[in-house]
Each structure stands twice: as C-alpha cells, then as structure tokens.
Number of protein chains: 2
Amino acid sequence: MTPEKTVARLSLYRRFLKLAKDEGTSNVYSHQLADMVRGTSAQVRRDLMALGCSGSPQKGYDVNELIKHIDEFFNTSEVVDVILVGIGNIGRALLSYFKSGKSHINIVASFDSDRQKVDRVINNSKCYYIEELSKFVSENNIKTAILCVPASEAQQTADVLMHSGIKGILNFAPVRLKLPANIFVEDVDITMNIEKLVYFSSGKRK
Amino acid sequence: MTPEKTVARLSLYRRFLKLAKDEGTSNVYSHQLADMVRGTSAQVRRDLMALGCSGSPQKGYDVNELIKHIDEFFNTSEVVDVILVGIGNIGRALLSYFKSGKSHINIVASFDSDRQKVDRVINNSKCYYIEELSKFVSENNIKTAILCVPASEAQQTADVLMHSGIKGILNFAPVRLKLPANIFVEDVDITMNIEKLVYFSSGKRK
DNA sequence: TTCACAATGTGATTTTTTTCACAAGACAAT
DNA sequence: ATTGTCTTGTGAAAAAAATCACATTGTGAA
Ligand SMILES: NC(=O)c1ccc[n+]([C@@H]2O[C@H](COP(=O)([O-])OP(=O)(O)OC[C@H]3O[C@@H](n4cnc5c(N)ncnc54)[C@H](O)[C@@H]3O)[C@@H](O)[C@H]2O)c1
Ligand SMILES: NC(=O)c1ccc[n+]([C@@H]2O[C@H](COP(=O)([O-])OP(=O)(O)OC[C@H]3O[C@@H](n4cnc5c(N)ncnc54)[C@H](O)[C@@H]3O)[C@@H](O)[C@H]2O)c1
C-alpha cells in the first residue's frame, strides 16, 4: 500500500529527525526535511501524509511526534534483530558499523563456514559455524539476514536461509538470488552503482 | 535520455552476459536475461531497444554483440579509474573487492587523513595523504570517487572532491551531501536498505 | 505444404512516482 | 484592519517506468 520509495524515505526522515532532535530542534518544515534527503517539500508532505500525520502551517511538523509515527510505521521502535552470514571483508565492516547501537539494527549473530572464524565474538555478535544457522534462526525467530558470502555460495546459502524461516535478505553477492516471491530480497550491487555513476557523471544525461 | 533504471540494468546484463560467454553460451533470449536480473522479458527487450541493438526471434540475441553494444553504451570497454577516500572498514573492503580486476572499475589510488594509513599499497592501490587528493585528481583527470569517510567529514570531503574536478561520488556516509546539481551523487545507505527490508519482509506488502 | 510454436519489436496501456499549483490559515508588519 | 508572507494538505497533472498484447517471422513437425 505505501509506495516503496516512500518507505525508503521514511527511514531517512527518521534518522535526520533524530539528529535534529538531539540538536534540540522541536519542529521542522517539509522543506527542511526535503533538504536532508534531496527531495522536494511536496514529496515530503506526501510521504508524511501516507503516514497519516499532520503538521501545522505555522510550526511545521513536531519532531517527536513524527519520530513516534515513523517508529510505529516500521512497528519497531525497538531494535530489530538480524543475522549476518559470511564474515569476510564487508561482513566484518558491517559488524563493526552496526555494533555502535546507533541504529535500529542489531546484528545478533553471524555465521561462517570457515572454522577459523567461528566461536569468536566480533563487535558484540557471536560467530557461529554455518551449520548452526537453521537452529538459531528458528529458535530466535529471526526474519532478516545480511548475506555476505562469495557469489559462488550465495544461492545455496540463500536457500538455507529461506528454509530456516528468513523472510528478507540483504544480498551483497553480485548474483540475483532465485527465491520464491514471498522472500523479499534487496540487492546491494556496488559495481552496478559505480558503473551507473560513471555513466551519469560523464555528462551523458541529467 | 536513457532511463536511469535501464542504465542500471544494462550494467547487470553485461555482467551476466560475460558469465554466459565464459560458459560458452553464444546467444540468449530475453527471458533468460530477465531471469538473471529479476525482470520481465518485455523489460529486457525494451532496455536492449534503448541500446539500439536487436536480436532474432530464432536465436535471440548474440552474446558477443550485446556485450559490445553495452561496452559502447558505457563507452568504457576499458577500465574506469576511480579513487577512494577513507581507508576504514568499508574502504578496505572495497579495495580488496576491486583489486581482482574482474570488473571495469579500477581504484587507482586511495586517500586518508590518518598518517598511519598512508604511503602503503593496499590491494594494488597506493594510499596517499588526503592533502594530495586535489593534485592527483586533476593530474590524472579522475572523474569518479568513492567516499568512505565518517559522516562528520563527508560534506567537507565532498566539497574538496568537487573542487578537484570530481563529477560523480558514490557516497557511503549516512548523510545527504549538498552539492551542485552537476555533480552526480549516488548514496549507498545500508541502514535504510535494512529498514526497508524489515518492513517489506514482515508481511506489510508485496 | 500447412500448422503450431516460440521469440522479437513495439504501440498502447497501466501503474507508479513525482511535481504542480492553489485554497486556507496564522501571523507579523504596516 | 489590511496586506504580504509563510506553510500545510491535497486534488490534478505530468513524468517515468513497467506491463500488456499482438503482428510478424523463421523453424520444424505432421
Ligand atoms: N568486499 C566488498 O567491498 C564487496 C563489494 C561488493 C560485493 N561484494 C560481495 O560480497 C560478498 C562478500 O565479499 P567479501 O569481500 O567480504 O568476501 P570474503 O571472501 O572476504 O568473505 C566471504 C566470507 O564468506 C565465508 N563463506 C564462504 N562460503 C560460505 C558459506 N557457504 N557459508 C557461510 N560462509 C561462507 C568465507 O569464509 C568468508 O569469511 C561477495 O559475494 C562479494 O562479491 C563485496
Ligand atoms: N562499515 C560499514 O559497514 C558501513 C556501513 C554503512 C555506512 N558506513 C559509512 O561509511 C563511512 C566509513 O565507514 P567505516 O566503517 O569504514 O569507518 P572507519 O572509521 O573505519 O573509516 C573511516 C576512515 O576515514 C578516514 N578519515 C577520517 N576523516 C577523514 C578525512 N577528512 N579525509 C580523509 N579520510 C578521513 C579515517 O582515517 C578512516 O580511515 C562512514 O561514514 C560510515 O557511516 C559504513
């Protein structure tokens, strides 16, 4: 129902709203929010409308109220538990990034097939041997996974994730996973991002 | 002129076409390509039309010809030189990833403000002190940069990049850079990706 | 030969997303 | 009190992207 793009932006709004709040700002105008996410004020108002919350022409939107609404929208004001599979270069970078606890994301455990890498605790999250994944996921009712294994292993690992009950996968491997439609997959494809960037930054368009 | 989404997919098509080629495949049908990028065959044909190349209803598209066309489209059958700023966790992960030389991306140099990190060679690319960035960029006519510095440093570093002549920035910092419209910025926002993923994978929609 | 099939290329249509544009309301300044 | 200036909320329009649907055309089986 809510447009996909709106969902993405709501996540950004929340982040910037929290920063604004920390700075003591108590209300914001749509154009300020727009600046923060490189959008237009009309778009911001549309997004907030989808959220069902409103501001006043005088004071704009109340920061706290907005944050509360977005929290409700994502229905996780608390932290969301996710797991990470593949403790290689990006895997470790992500573990380090998310340990901070500044976001709503909590990487509760990580898994690897390399015996050398398991049973350690990297940035608060314990590393398990890959065989333990299924059990962990079902016991802890985990729904979301970050996949950082080599491309050659990605599909089979994704299959395991699916069978364990995972419903959403953030995939860093440069392959398109084949999974049933009820599993939501989001690809992070950096090579593609750069190629696109090169194309548009070499004066082709826009 | 060419839709942004099409540009993104063309990059993917090329990657998968090269894999197909390595496996000895000499022609592909639109639906095969569609499978590879999670799209529809009609969409693939549209994209390839934008490219101005055509196939035959009998043999589909010629793999080599398609690759050639896409290379031409991106007008860099050769490697594209980019620089990387901020040799931290993701910075190093990216250096390691792109050293392989398997893609069209070549990280020719990296820069950091930490004296400890410079003057080494990490994965083929020399690390320079940040002060040398401007000179390097203009002398080597670099147009594209990957930005991996902390959020607090991102805007000022982006300003330096812009003034040095950079036209496209792949930004990993969780802030929206304020730059003139002729600088193309692409954000990689992993926190947002995960939040979106959590939203859609918890049965909200789609 | 004739027919069914499978795939391309593309106009037309639909869906999704963004932008425009303006009524309405509060306030500050004159 | 009047005027000018902000901003919200939102229909209406536009733009961008995806999908539909079908004429067309080799190919091979009957
Ligand atoms: N590093 C980057 O910057 C980057 C950029 C874009 C894409 N990627 C992609 O992300 C993925 C990971 O990249 P990386 O650089 O971290 O690779 P890496 O080789 O450093 O790490 C891969 C990790 O996965 C583990 N692993 C291998 N098979 C496994 C399995 N079956 N089950 C569980 N764990 C397994 C390995 O032990 C290793 O720890 C790759 O698919 C890569 O193409 C990486
Ligand atoms: N690590 C991740 O998985 C991850 C995920 C999402 C976003 N990010 C973002 O990416 C950026 C980098 O993350 P990281 O984990 O690699 O951080 P990091 O702290 O490991 O690395 C930052 C690097 O930038 C260098 N640096 C600092 N100021 C600089 C300056 N002015 N000029 C040049 N170099 C400078 C530091 O010396 C350090 O090497 C951050 O903005 C972070 O928020 C990281």
Side-chain angles (χ1 to χ4, degrees), chain A residues 1-13 17 20 25-63 65-66 69-70 176 181 184 186-187 192 196 199-200 204-206, chain B residues 1-13 17 20 25-63 65-66 69-70 176 181 184 186-187 192 196 199-200 204-206:
Chain A
M1 230 227 72
T2 314
E4 172 157 352
K5 297 292 176 66
T6 295
V7 175
R9 283 188 299 262
L10 285 175
S11 163
L12 300 182
Y13 297 149
L17 284 166
T25 311
S26 64
N27 20 244
V28 291
Y29 296 118
S30 57
H31 65 86
Q32 295 177 298
L33 231 25
D35 277 356
M36 291 169 176
V37 303
R38 240 199 291 289
T40 65
S41 62
Q43 189 173 61
V44 169
R45 294 199 298 277
R46 270 254 183 282
D47 288 341
L48 298 186
M49 215 172 26
L51 212 61
C53 68
S54 64
S56 89
Q58 285 65 53
K59 320 230 72 190
Y61 299 87
D62 182 90
V63 170
E65 197 186 329
L66 230 46
H69 270 93
I70 301 178
R176 296 310 122 201
F184 194 86
E186 178 114 340
D187 295 300
M192 182 259 266
K196 198 172 136 191
Y199 177 81
F200 285 112
K204 295 299 194 307
R205 193 190 78 138
K206 254 203 173 167
Chain B
M1 232 228 68
T2 314
E4 172 159 351
K5 296 293 177 64
T6 294
V7 175
R9 282 188 298 263
L10 285 174
S11 162
L12 300 182
Y13 297 148
L17 284 166
T25 311
S26 63
N27 20 244
V28 291
Y29 296 117
S30 58
H31 65 86
Q32 295 178 298
L33 231 26
D35 276 355
M36 291 169 176
V37 304
R38 241 199 291 288
T40 66
S41 62
Q43 189 174 60
V44 170
R45 294 199 298 278
R46 269 258 183 283
D47 288 340
L48 298 185
M49 214 172 26
L51 213 62
C53 69
S54 63
S56 87
Q58 286 63 54
K59 320 231 72 188
Y61 299 87
D62 182 274
V63 170
E65 197 185 328
L66 230 45
H69 271 93
I70 301 178
R176 297 309 124 200
F184 193 85
E186 179 114 340
D187 295 301
M192 182 260 266
K196 197 172 137 192
Y199 179 81
F200 285 113
K204 293 298 191 309
R205 194 189 77 137
K206 251 199 176 167

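The structure displayed is predicted, hence computed values, not measured ones. Throughout, a chain's letter reflects where its sequence line sits, starting with A, and its residues are numbered from 1.
Distance A:R45 CZ to D:dG11 P: 13 Å, rounded to the nearest Å. The CG-P distance, from B:L66 to C:dG9, rounds to 10 Å in whole Å. For the pair B:D47 CG and D:dA16 P, the computed distance is 16 Å after rounding to whole Å. Distance NZ (A:K59) to C1' (C:dA26): 12 Å, rounded to an integer number of Å. In this structure, A:K5 places its NZ atom 13 Å from C1' of D:dA15, rounding to the nearest Å. Between the CE atom of B:M49 and the C1' atom of D:dA18 there is a distance of 12 Å, rounded to whole Å. The nearest whole Å value for the distance from the CD atom in B:Q58 to the C1' atom in C:dT8 is 9 Å. Remark: P of D:dA15 and CE of B:M1 are 16 Å apart, rounded to the nearest angstrom.
An OP1 or OP2 oxygen of D:dG9 is reached within less than 4.0 angstrom by a side-chain nitrogen or oxygen of A:Y61. Between C:dA7 and B:S30, no contact under 4.0 Å exists linking OP1 or OP2 to a side-chain N or O. A:Q43 has a side-chain polar atom (N or O) that falls below the 4.0 Å cut-off from OP1 or OP2 of C:dT18. The shortest distance between the side-chain N/O atoms of A:S54 and the OP1/OP2 oxygens of D:dG9 is below 4.0 Å.
In this structure, of C:dA7, D:dA18, D:dT19, it is C:dA7 that holds the atom nearest to the side chain of B:P57. Comparing atom distances between the B:H31 side chain and each of D:dG9, D:dT27, C:dA7 picks out C:dA7 as nearest. Considering only the side chain of B:P3, D:dA17 comes nearest among C:dT8, C:dC20, D:dA17. When the nucleotides C:dT10, C:dT18, D:dT19 are ranked by their closest atom to the side chain of B:T40, D:dT19 comes out on top.
Ion pairing between a basic and an acidic side chain is recognised when a charged N comes within 4.0 Å of a carboxylate O; A:D35 and B:R176 show no such pairing.
Comparing B:L48 and A:R9 along DNA chain C, the residue whose closest nucleotide (by nearest heavy atom) sits nearer the 5' end is B:L48.
Between the CG atom in B:L17 and the OH atom in B:Y61 there is a gap of 11.5 Å [rounded to 0.5 Å]. To the nearest 0.5 angstrom, B:T40 atom OG1 is 11.5 Å from B:L33 atom CG.
At a cut-off of 3.5 angstrom, the base of D:dT19 holds at least one donor-acceptor pair with the side chain of B:R46.
The backbone N or O of B:H31 sits nowhere less than 3.5 Å from a side-chain atom of B:S41 that would complete a donor-acceptor pair.
Pair check for D:dA30 finds C:dT1; Watson-Crick or G-U wobble, both atom distances under 3.5 Å.
Backbone-only contact: B:S56 has heavy atoms under 4.0 Å from sugar-phosphate atoms and none from a base.
By the 4.5 Å heavy-atom criterion applied to side chains, B:Y13 and B:L66 are not counted as neighbours.
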